[in-house]
Structure formats: C-alpha cells, structure tokens
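Here is the structure we will look at, set down as structure tokens.
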Amino acid sequence: MQFLFGTVQIVIAMLLLSYIIQQLFVFEDTMTKLRELTGKGEIYHFQLLAEANQIGAIMNDDESNERLDAFLAYIEDDPIEKFIVDQSMSISFAKDQKPFCTIGEVTKTNCYIKSIRVTQNFFEIFQVQGYFNRRKIEETFKHYTFGDDIPVVLGADFKKYFDTGDTIMDDMEQIYQVVGFLNKGEFYVAPYESSKAFYLDDTFVIPTGASERNFITLASTCFRTDDITSLAAIEKKSNDMRLFPLRSEGFTTKIETNKKAILNEMMTILAVMSLIFLFASIGVVSYMIRFIQNR
C-alpha cells in the first residue's frame with residue numbers, strides 16, 4: 001500500500017513537471033510575440049478608471065451613449081496606428097449541433113464557441129498565418145457592412161469539418177461565410193487581459209464591424225506609437241465629453257509584471273512538486289528496504 005501511494009505521488013510530481021515544461025514553452029512563445037509586437041513601437045492600452053456604477057450609468061443612458069459613439073468615432077479618425085481585439089462574446093449553437101458541441105463549451109441548453117472581433121490589421125500585427133490570402137482577408141474585413149453575412153476565419157480545429165466558401169448559421173440565425181482557416185497553434189497576446197497567450201484553434205475570427213461600437217470597443221482598442229501626444233489628447237477628449245477617466249498603460253510595463261507573476265507561479269509549482277517527489281521517494285525507498293529485509 002505504501003509503495004502504491006508513493007508511486008502515485010511520483011506520477012503526480014511528474015505531471016506537475018510536465019505542466020511546468022508546457023507552460024515554459026507557452027511563456028517563451030508569449031514573450032517572443034510581445035518582443036515582435038513592441039519592436040515597431042510601444043503598444044498602449046487605456047485603463048478605465050471609472051467605478052462599475054459610473055460605467056453602468058453611462059451605458060444605460062441614451063444621451064451618454066451618443067457621446068460615447070462620437071468619442072469612438074473621434075478615436076477611429078485619429079491617424080495613430082491602432083487595432084482592436086474583442087473577445088467578449090461567444091457564438092451560440094444548439095448543444096447537440098456537430099461539430100460545435102465537440103469543440104466548444106457545452107451547457108445544459110447550448111454550445112458556445114469562442115470568437116474574437118478584430119480590425120483588418122490584426123493578421124499583420126500579430127503575424128497570424130493560415131490558409132488564406134492575407135491581403136484579401138484584410139480587404140474583406142475592412143469593407144464588411146453590418147447586417148451582411150459575416151466573413152469568418154476559422155481556427156484549425158474546424159478545418160476537417162468545413163471548406164472555404166461554406167456557410168454556418170448560429171442560434172440567432174446569423175450566417176457566417178467561411179473565408180479561410182488558421183494554422184494550428186496560431187495565437188495572439190493581450191497582456192492587459194492575461195499573462196498567457198490566447199490560442200485560436202477553437203475560435204471564430206470575425207471583423208469588428210460585425211457588432212456596433214460600444215464600451216467594449218474602447219476597452220479592446222490598443223495603440224502602437226512612440227509619441228503619446230495623441231493618447232493624452234484622447235484622455236482629455238474623454239474628460240471633456242464627460243465620459244470615462246482614462247489612463248494609458250504600455251505593454252512593456254504589463255509584460256514585466258506578468259513575467260514576475262508567471263515565474264512566481266512556476267517556482268511555487270516546482271516547490272510543491274519537489275516536496276511531493278521527496279516524500280514519495282522516501283516512501284518508496286522505505287518500502288523497498290522493508291521488502292528486502294523480509295525476504
């Protein structure tokens with residue numbers, strides 16, 4: 001019994017070691033992508049300093065929503081380089097609808113597939129590759145009109161089920177036109193949301209025009225520049241329009257914070273694994289000594 005218990009502990013320790021190795025690879029992929037991103041200029045993201053009730057008050061007021069829409073149009077017209085990656089919404093299908101029920105998150109009533117809404121420059125900025133012509137995809141995403149069938153680039157997990165040109169209908173009877181597929185293992189990074197990479201194998205990638213501009217649009221917009229003059233002007237504009245107090249935050253700052261958090265997590269897991277392995281080894285050795293003595 002002691003031998004079996006020790007063996008189980010060793011197996012657990014080895015699984016933890018395997019997890020650490022896997023996370024180290026993910027960490028290295030993330031850092032490489034971030035170095036590529038910031039190589040052409042620092043990337044900034046706005047922190048919203050408002051309380052939840054302040055945000056809710058603006059979101060639920062028609063006049064405030066009009067001001068917000070005008071503010072987002074002001075940002076859109078600013079020549080500063082920017083991109084949007086909005087992963088706030090999932091796409092719903094019937095829980096038994098294949099292949100979605102085998103890929104997405106299944107609940108009692110539905111199956112939800114992850115989606116991200118992106119600007120056309122997403123593929124160039126993050127160097128996301130796949131089975132498509134990037135220039136054509138960028139033009140398709142740029143000129144998409146709200147209300148039309150939505151062009152979608154599917155993650156690699158969908159490639160064995162669909163072909164380019166196929167149409168897909170979700171629970172809301174929204175139609176998606178497949179315009180391409182991503183390579184296996186493609187991902188993007190957003191250090192203001194997570195310290196880890198977002199892998200896209202099980203994801204719908206659709207244009208931002210597939211939804212109306214709203215609060216999420218502001219929260220999902222990033223800027224790449226070495227001149228923060230425009231960012232300061234945007235912050236001032238938001239205050240002048242009685243919207244949200246904003247503060248820009250660079251990716252580099254978040255990267256350093258995330259690196260420390262990830263390394264601390266790794267060290268904690270490594271310490272736990274070492275203790276488990278130590279006690280398991282002592283137990284196994286003790287059992288073997290008693291077994292030899294008895295023999």
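No hydrogens, no waters, no symmetry mates; every other heavy atom, side chains included, goes into these values.
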Distance-only side-chain donor-acceptor flag, Thr225 / Asp227, under 3.5 Å: no
Cationic tip of Lys159 above Phe181 ring, under 6.0 Å, 45° of axis: yes
Parallel, tilted or perpendicular: rings of Phe126 and Phe122 (30°, 60°): tilted
Set of side-chain hydrogen bond (donor to acceptor under 3.5 Å, both in side chains) partners for Asp69, sequence neighbours left out: Arg213
Residues in side-chain hydrogen bond (donor to acceptor under 3.5 Å, both in side chains) contact with Lys98, at least two apart in sequence or another chain: none
Pairs touching residues 102-112 that satisfy side-chain hydrogen bond (donor to acceptor under 3.5 Å, both in side chains), sequence neighbours left out: Ser92-Asn110, Asn110-Asp171
Residue of the set Val153, Val128, Val205 for which side chain to side chain contact (heavy atoms under 4.5 Å, CB included) holds with Glu186: Val128
Passing candidate, ring-ring contact (aromatic ring centres under 6.0 Å, His included) with Tyr188, options Phe198, Phe123, Tyr199: Phe198
Counterpart residues, ring-ring contact (aromatic ring centres under 6.0 Å, His included), relative to Phe158 (two or more places apart): Phe204
Where at least one partner belongs to residues 239-248, residue pairs that pass side-chain hydrogen bond (donor to acceptor under 3.5 Å, both in side chains), sequence neighbours excluded: Gln47-Arg247, Glu235-Ser248, Lys236-Asp240
CD1/Ile228: more than 12 non-hydrogen atoms of other groups inside 6.0 Å: no
Any pair counted as salt bridge (Lys or Arg N to Asp or Glu O under 4.0 Å), so long as it reaches residues 133-144, sequence neighbours left out: Arg134-Glu138, Arg135-Glu138
